[in-house]
Trainee: 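Have a look at this one.
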Amino acid sequence: MIRDTVIEMLSDALRRAREDGALPPLEYQDPAVERPQNPEHGDYASSLPLKMARAARMSPMAIADILRERLPMREEIAAAAVAPPGFINFTLDTRWIMQQVGTVLSEGNDFGRGRSGAGVSVQVEFVSVNPTGPVHVGHGRGAVQGSAIANVLAASGYSVQREYYVNDAGSQMDAFFQSVHARYLQALGRDAAFPSEGYHGAYLVELGAQLAGEYGDRFAGAAGEESVREIGEIGMARMLDSIREDLERIDVRFDRWFSERSLFTDGTYEQALSRVESNGYTAEREGAVWFTGTELGDERDSVLVRRTGAPTYFASDIAYHYDKFLGRGYDRVINVWGADHQGHFPRMKAVVAALGVDPERLQFILVQLVTLRRGEEIVRVSKRTGDIITLSEVVSEVGPDACRYFFLARSADSQMDFDLDLARKEAPDNPVYYIQYAFARIASILRNARDGGIDPDDTTEDVDYDALTEEAEIRLMRTMLRFPEVVESAARNLEPHHLPHYAYELATAFHDFYTRHRVLGEAPRVTRARLRLAQAAGVVLRNALTLMGMSTPEQM
RNA sequence: GCCCCUGUAGCUCAGUGGAUAGAGCACCAGCCUCCGGAGCUGGGGGCCCGGGUUCGAGUCCCGGCAGGGGUACCA
């Protein structure tokens with residue numbers, strides 16, 4: 001990345017200045033390279049002199065001059081200028097910039113990929129909706145965020161595993177099984193009491209009817225535990241199928257669906273708890289087993305095993321994280337959780353520490369809640385009443401691409417409004433279409449070129465990129481060159497919301513170029529070069545959209 | 001009460017401690033003999049309040065105010 005080049009140049013200059021005594025020997029400082037917002041300040045800028053001034057007991061301008069004189073030359077950089085009060089501004093060489101059209105094209109799908117995560121395994125766990133009901137919009141946001149985080153990590157060289165934790169154990173499953181059984185019996189015309197803690201959603205009435213239609217009264221005979229369990233298992237499998245289908249519509253897929261129940265059948269649960277116990281973080285009180293998280297900085301101790309002998313969901317989580325770190329040995333684990341679980345974060349950090357694992361290896365992404373609106377009216381999301389807006393409904397209304405774009409464009413930790421009326425009404429005006437339209441326009445130009453007997457993919461012919469000298473052309477290419485840095489930064493900060501904003505900017509740069517200049521029908525030398533430029537823009541747009549999980553339509 | 005997240009333009013949102021705070025929508029005014037006008041150009045408007053740290057604060061710290069979430073032997 002070019003940014004790394006600039007950092008290298010500064011580090012070299014700093015070392016030389018120390019060696020020849022122009023600057024005092026100070027401890028290492030980050031060269032503080034950033035992208036200035038004002039284009040007059042160049043492509044990159046460093047405020048290192050300002051930061052060093054105090055410790056060096058010198059004026060920032062003097063330090064800047066000393067460093068600038070010692071900067072090694074690089075072909076990418078045309079100029080490095082000192083600017084008050086003590087910046088060093090770097091400007092890319094225009095001809096070098098345009099040569100990069102060829103680089104982008106030859107790297108193709110790999111353009112934007114990095115190696116910062118090479119050799120590191122990371123697990124991203126997200127969605128993990130209880131298999132007791134459909135995925136609603138709030139879950140959809142977490143799904144989109146989680147999948148995009150996994151995508152940018154993979155693009156940065158990490159070995160990524162995408163996982164869905166299936167809560168198929170515990171008391172809520174019992175309630176679900178009984179609910180399914182009751183709806184099933186009701187569908188058969190039997191008198192069945194609905195459990196008070198049951199799931200009242202209409203989707204279970206449908207499921208009950210469906211199961212009744214398929215299985216008749218096979219599970220209706222004895223109202224014993226067995227038939228409840230059997231029909232319940234079938235119901236859960238159906239729920240999971242529909243959850244998987246809903247998520248696939250928005251390009252969310254998993255490497256593994258991890259069963260909570262398996263933790264109890266394969267011995268993980270016992271191993272995990274005995275490790276916490278042998279490390280001295282359990283205590284028996286009032287007939288229950290507690291995790292003494294307060295010793296590790298948690299707010300309060302928590303129950304692991306109830307007085308009844310049944311483990312809490314928290315005990316499952318300990319076993320699950322034991323498996324993540326000590327069983328499967330991921331270097332990093334990222335949990336994308338909804339805001340309604342935020343109270344659980346510090347406890348899980350404490351648990352990981354209690355297992356003897358560095359808690360820094362566990363990170364949480366807090367995905368804030370989605371407020372759903374239809375115009376002025378706020379739509380309440382409640383599983384109890386069954387009055388829920390499902391992800392599936394939203395996707396049907398606004399389409400998968402718009403759904404992903406909107407969920408991705410807002411940072412995870414701020415609450416967002418999702419106005420269904422607006423999203424639907426303004427669909428043609430959407431940023432989504434703006435970006436995809438840029439891609440379609442490029443595809444159209446390439447089609448026209450082929451019709452006119454020019455093969456854009458013919459790499460045997462030399463292209464003279466010096467033919468690209470227009471401002472809009474350079475601006476477009478500059479924007480493309482930022483892409484690897486956007487990906488890297490999204491991965492480093494686990495902030496995928498930069499991607500849609502970048503894609504929008506890139507589309508703008510292309511639309512601007514497109515309206516100012518013609519590609520086809522110019523002098524052959526110019527047409528050749530512009531065709532490649534447009535093609536390269538298409539490559540970067542496609543790479544960006546792919547990371548976002550959005551489609552790349554060649555025609556709209 | 002305590003803990004967490006958020007307060008930036010009329011609305012929805014960006015903004016790795018840097019140099020004149022950006023988009024979209026909405027509003028107003030312009031641009032099609034030419035590769036797709038789902039496009040382009042221009043305009044008005046903004047950092048919740050008060051302290052502090054810093055050469056420099058929308059960004060960090062403290063205290064308010066406001067909105068949301070959490071605070072179970074539920075998940």
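Here the structure is a predicted model, which means the values were calculated and not measured. Excluded from the calculations below are hydrogen atoms, water molecules and symmetry mates; all remaining heavy atoms, backbone and side chain alike, are included. Chain letters run A, B, ... following the sequence lines, proteins first, then strands; residues in each count from 1.
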Trainee: Quick one: is A:His498 getting a side-chain N or O under 4.0 Å of the B:rG15 phosphate, OP1 or OP2?
Mentor: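 Affirmative; the distance criterion is met.
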Trainee: Rounded to the nearest Å, what distance is computed from the CD1 atom of residue A:Ile7 to the C1' atom of nucleotide B:rU16?
Mentor: 11 Å
Trainee: Taking any heavy-atom pair under 4.0 Å as a contact, classify A:Asn38: base, sugar-phosphate, or nothing.
Mentor: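 Here A:Asn38 touches the bases of the nucleic acid.
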Trainee: Counting only Watson-Crick or G-U wobble pairs whose two distances fall under 3.5 Å, which nucleotide matches B:rG24?
Mentor: B:rC11
Trainee: Any idea which of B:rA75, B:rG17, B:rC5 is nearest the A:Leu366 side chain?
Mentor: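 Looking only at side-chain atoms, A:Leu366 lies closest to B:rC5.
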Trainee: For A:Phe314, which contact category applies under a 4.0 Å heavy-atom criterion: base, sugar-phosphate, or nothing?
Mentor: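 Nothing: the residue A:Phe314, judged by heavy atoms under 4.0 Å, touches no strand.
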Trainee: Choose from B:rG39, B:rC13, B:rU41 the nucleotide whose nearest atom is closest to any side-chain atom of A:Asp512.
Mentor: B:rU41
Trainee: Distance criterion of 3.5 Å, no angle test: do you see the side chain of A:Gln342 paired donor-to-acceptor with the base of B:rG69?
Mentor: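 Indeed there is one.
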Trainee: Give none if B:rG30 has no partner; otherwise give the nucleotide forming a Watson-Crick or G-U wobble pair with it, both distances under 3.5 Å.
Mentor: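 By the stated definition (distances under 3.5 Å), B:rC40 pairs with B:rG30.
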Trainee: Nearest to the A:Arg410 side chain among B:rC13, B:rG18, B:rG37, which nucleotide is it?
Mentor: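 For the A:Arg410 side chain, the nearest candidate turns out to be B:rC13.
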Trainee: Of all heavy-atom pairs between A:Ser316 and A:Glu260, which one has the smallest distance, and what is that distance?
Mentor: OG-OE2, 2.6 Å
Trainee: Applying a 3.5 Å limit to both distances, which nucleotide forms a Watson-Crick or G-U wobble pair with B:rU71?
Mentor: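 Paired with B:rG1.
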Trainee: For B:rG36, take OP1 and OP2 only and decide whether either is under 4.0 Å from a side-chain N or O of A:Ser444.
Mentor: yes
Trainee: For the pair A:Asp43 (side chain) and A:Leu92 (backbone), establish whether a donor and an acceptor sit closer than 3.5 Å, ignoring hydrogens and angles.
Mentor: yes
Trainee: Roughly how many Å apart are B:rA9 and B:rC48, using the C1' atom of each and rounding to a whole number?
Mentor: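 Roughly 15 Å separates the two C1' atoms.
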Trainee: Return the nearest nucleotide to the side chain of A:Asp417; candidates are B:rA38, B:rG37, B:rC13.
Mentor: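 Of the options given, the side chain of A:Asp417 lies nearest B:rC13.
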Trainee: Please determine, for the side chain of A:Gln37, which listed nucleotide (B:rU6, B:rA21, B:rG36) has the closest atom?
Mentor: B:rA21
Trainee: Okay, side chain of A:Arg261, backbone of A:Ala169: is any donor-acceptor separation there less than 3.5 Å?
Mentor: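 No; zero donor-acceptor contacts below 3.5 Å.
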Trainee: Tell me which nucleotide among B:rA19, B:rG56, B:rU6 gets nearest to the side chain of A:Asn89.
Mentor: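 Of all the options, the side chain of A:Asn89 is nearest to B:rA19.
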Trainee: Where does B:rC32 fall, syn or anti, if syn means a chi angle no more than 90° from 0?
Mentor: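 For B:rC32, whose glycosidic angle is within 90° of 0, the conformation is syn.
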Trainee: Is there a Watson-Crick or G-U wobble partner for B:rA66 with both distances under 3.5 Å, and which nucleotide is it?
Mentor: B:rU6
Trainee: Looking at A:Arg285, I want to see if its CZ is surrounded by more than 12 non-hydrogen atoms of other residues, nucleotides or ligands under 6.0 Å.
Mentor: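 Atom CZ in A:Arg285 is packed in, count exceeds 12.
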Trainee: From the options B:rU20, B:rG68, B:rA75, select the nucleotide whose nearest atom is closest to the side chain of A:Leu369.
Mentor: B:rG68
Trainee: Quick check, does A:His41 stack with B:rA19? I mean ring centres under 5.5 Å and planes off by under 30°.
Mentor: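 Stack criterion met.
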Trainee: From B:rA19, B:rG36, B:rG15, pick the nucleotide closest to the side chain of A:His497?
Mentor: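 It is B:rG15.
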Trainee: Looking at A:Ser171, does any N or O in its side chain come under 4.0 Å of the phosphate oxygens OP1/OP2 on B:rA75?
Mentor: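 Checking A:Ser171 against B:rA75: at least one side-chain N or O falls below 4.0 Å of OP1 or OP2.
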Trainee: Just checking A:Ser414: base, sugar-phosphate only, or nothing, at a heavy-atom cut-off of under 4.0 Å?
Mentor: sugar-phosphate
Trainee: Does A:Phe291 have A:Arg347 sitting over its ring (NZ/CZ under 6.0 Å from centre, angle to axis within 45°)?
Mentor: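 No - A:Arg347 does not lie over the ring of A:Phe291 by the 6.0 Å and 45° rule.
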Trainee: For the side chain of A:His511, starting at C-beta, report the closest nucleotide among B:rC35, B:rA19, B:rC40.
Mentor: B:rC40
Trainee: Is there a donor and acceptor pair closer than 3.5 Å between the side chain of A:Tyr313 and the base of B:rA75?
Mentor: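 Between B:rA75 and A:Tyr313, which were checked side chain against base, a qualifying N/O pair under 3.5 Å is present.
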Trainee: Closest approach to the side chain of A:Arg300, judged atom by atom: which nucleotide of B:rA19, B:rA14, B:rU71 is it?
Mentor: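 Closest of the options to the side chain of A:Arg300: B:rU71.
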Trainee: For residues A:Tyr320 and A:Glu163, is any side-chain donor paired with an opposing acceptor at under 3.5 Å?
Mentor: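 Side-chain D/A pair, A:Tyr320 to A:Glu163: present.
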Trainee: Taking N and O atoms by type only, does the side chain of A:Gln415 place a donor or acceptor under 3.5 Å from a partner on the base of B:rG67?
Mentor: yes
Trainee: Would you mind pulling out the nucleotide paired to B:rA19, Watson-Crick or G-U wobble, both distances under 3.5 Å?
Mentor: none
Trainee: Using the C1' atom as the reference point in each nucleotide, state the distance between B:rG45 and B:rC11 in Å, no decimals.
Mentor: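 Each nucleotide's C1' atom is 13 Å from the other's.
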Trainee: Quote, to the nearest angstrom, the P distance that separates B:rA38 from B:rA26.
Mentor: 15 Å
Trainee: Could you check whether A:Tyr434 and the base of B:rA38 form a stacked pair, meaning centres closer than 5.5 Å and planes differing by less than 30°?
Mentor: no
Trainee: Is the ring centre of A:Phe258 less than 6.0 Å from the ring centre of A:Tyr164?
Mentor: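 Centroid distance A:Phe258-A:Tyr164: not below 6.0 Å, so no.
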